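Notes follow once the structure below has been shown.
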Amino acid sequence: MFVLFKSGVLARRVLLCALLGGPIVPLVAWSDEGSQVGIDNFRFAPNPLNVAKGTEVTWTNHDDIPHSIVLNALGVHSKTLDTDGTFTYKFDKAGTFFYVCGLHPFMRSKVVVK
Amino acid sequence: MSTQSLDPNRRGFLKCMTWAGSAMLWTVAGGVPRSHVIGQAEAAETGFSFAQVSDSHLGFNKPVNANVTGTFQEALNHVTGMAEKPAFIIHTGDITHLSKPDQFDTGAQLLGATKMQACTVPGEHDILEEDRKSYLKRYGKGTRGDGWYSFNAHGVHFIGLVNVVNLQGAGLGDLGKPQLEWLEKDVKSLSASTPIVVMAHVPLWIVYQDWGWGTADGGQALTYLKRFGSVTVLNGHIHQVMQKVEGHVAFHTARSTAFPRGVPGVAPAPGPMSVPPGELKNHLGTAKVSLVSAKAPLAIVDTPLAG
């Protein structure tokens, strides 16, 4: 199984399959595939993360060093995430939400909710 | 000084001085570099000295160093085993990795076993729990604000600053207005000939802004200190030795006793740096600081755990 991260790639693949008359790869719900953010080597990925309104987003720390998630505009501060630690937050409103790591604020990313 | 009284090693040392310049000498013994402030490190063998340990990260258990308790213990053994025992130990923060009670307990137990006085400042890893008061609850007695304080020892004025509570921008340290006001008052009545030692976790000078390795309002603190003839600023946080002299102010960062971190401008991120098996202890260590003369920078000898 492969995972498609970009809607452009997905759209092109679907179009190509349709033109060739081949089987269409089953579409996986965007909000399910895209609700995970990994933290690797002091970076958030994907960056940015695009989700549908109502999605629960989960961050997972894969580093040896603890991190945390701070969504300033929402007043959200996660607990400290040690290695393999997770934090989940449900985005109920549309908008672009910037966040940083509370311990290493040079780590920045955003969640775009539509 | 006559060279006749010198042993061969001493002659080699002097030979190195001819090309190494006047301030800092790196000698390499068995492949292990050691830094000395030339001409003062040896004089410092007698007189007042104190030891610095830093970034013990007790509780860290990843492969880069699965035994941080052991390496911290080893560092403290170096200190207690010195022929001229230092007057006390300073720990420049990140005593623990995650501010857990058992991690603080291990730190207190190991420091206590030295039977030496320990002076500490918090790192950002020490304030992760108990509403960010985990450090203050254990080490806050007799301090102000988030844990800052000062004291005098052997004619030296020591200042412990806290710059990890309210990180700025990319993660730069921050002292904040109340602490700066306290600092200004604290040093106001001291004579300019009083040697000053400042301890803080994040470097007070900007080492590498992109990773937040510096203190946003550190420059303001230094304006209160620049009239003094000898100011030594001791930091941790970056897990590697970096030094800078600016006027009468000598800046120095210490190695960690737990694990090395990447080198700015070289490593893609500031995480723990894996080193080949057997080489870890070259990257960990202690510093011994000695008062040589009231008007000269203090002599700092960094000692890796290996060697």
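In this text, all values refer to a predicted model and were calculated from it rather than measured experimentally. Only this structure's heavy atoms are used, side chains among them; waters, hydrogens and symmetry mates stay out. Note on naming: letters A, B, ... go to the chains in the order of the sequence lines (proteins, then strands), and numbering restarts at 1 for each one.
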Mark yes when over 12 heavy atoms from residues, nucleotides or ligands other than [X] sit less than 6.0 Å from its [atom1]; otherwise mark no.
{"X": "Gln240(B)", "atom1": "CD", "answer": "yes"}
{"X": "Lys133(B)", "atom1": "NZ", "answer": "no"}
{"X": "Lys53(A)", "atom1": "NZ", "answer": "no"}

Report which part of [X] has an atom under 4.5 Å of a heavy atom belonging to chain A: side chain, backbone, both, or neither.
{"X": "Leu128(B)", "answer": "both"}
{"X": "His97(B)", "answer": "both"}
{"X": "Asn61(B)", "answer": "neither"}

Kindly indicate, with the supporting measurements, whether the criterion side-chain contact (heavy atoms from CB on, under 4.5 Å) is fulfilled by Phe259(B) and Ile65(A).
CA-CA 11 Å; Phe259(B) 54 85; Ile65(A) 287 292; 3.8 Å; yes
If I compare all heavy atoms of Phe106(A) with all of Pro270(B), which pair ends up nearest, and what's the gap?
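Of all heavy-atom pairs spanning Phe106(A) and Pro270(B), the closest is CZ-CG, 3.5 Å.
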Determine the minimum heavy-atom distance between Pro66(A) and His125(B), stating which atoms define it.
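The pair with the smallest heavy-atom distance is CG-CE1, 3.5 Å.
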Between Pro105(A), Cys101(A), Ser68(A), Gly102(A), who has the most heavy-atom pairs with chain B when the cutoff is under 4.5 Å?
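Top option by heavy-atom pairs under 4.5 Å: Pro105(A).
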What residue, out of Asp63(A), Val100(A), Thr80(A), has the most heavy-atom pairs lying under 4.5 Å from chain B?
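Looking at each of Asp63(A), Val100(A), Thr80(A) in turn, Thr80(A) comes out on top.
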Output the distance between atom NE2 (His104(A)) and atom CD (Glu124(B)), rounded to the nearest 0.5 Å.
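Answer rounded to 0.5 Å: 6.0 Å.
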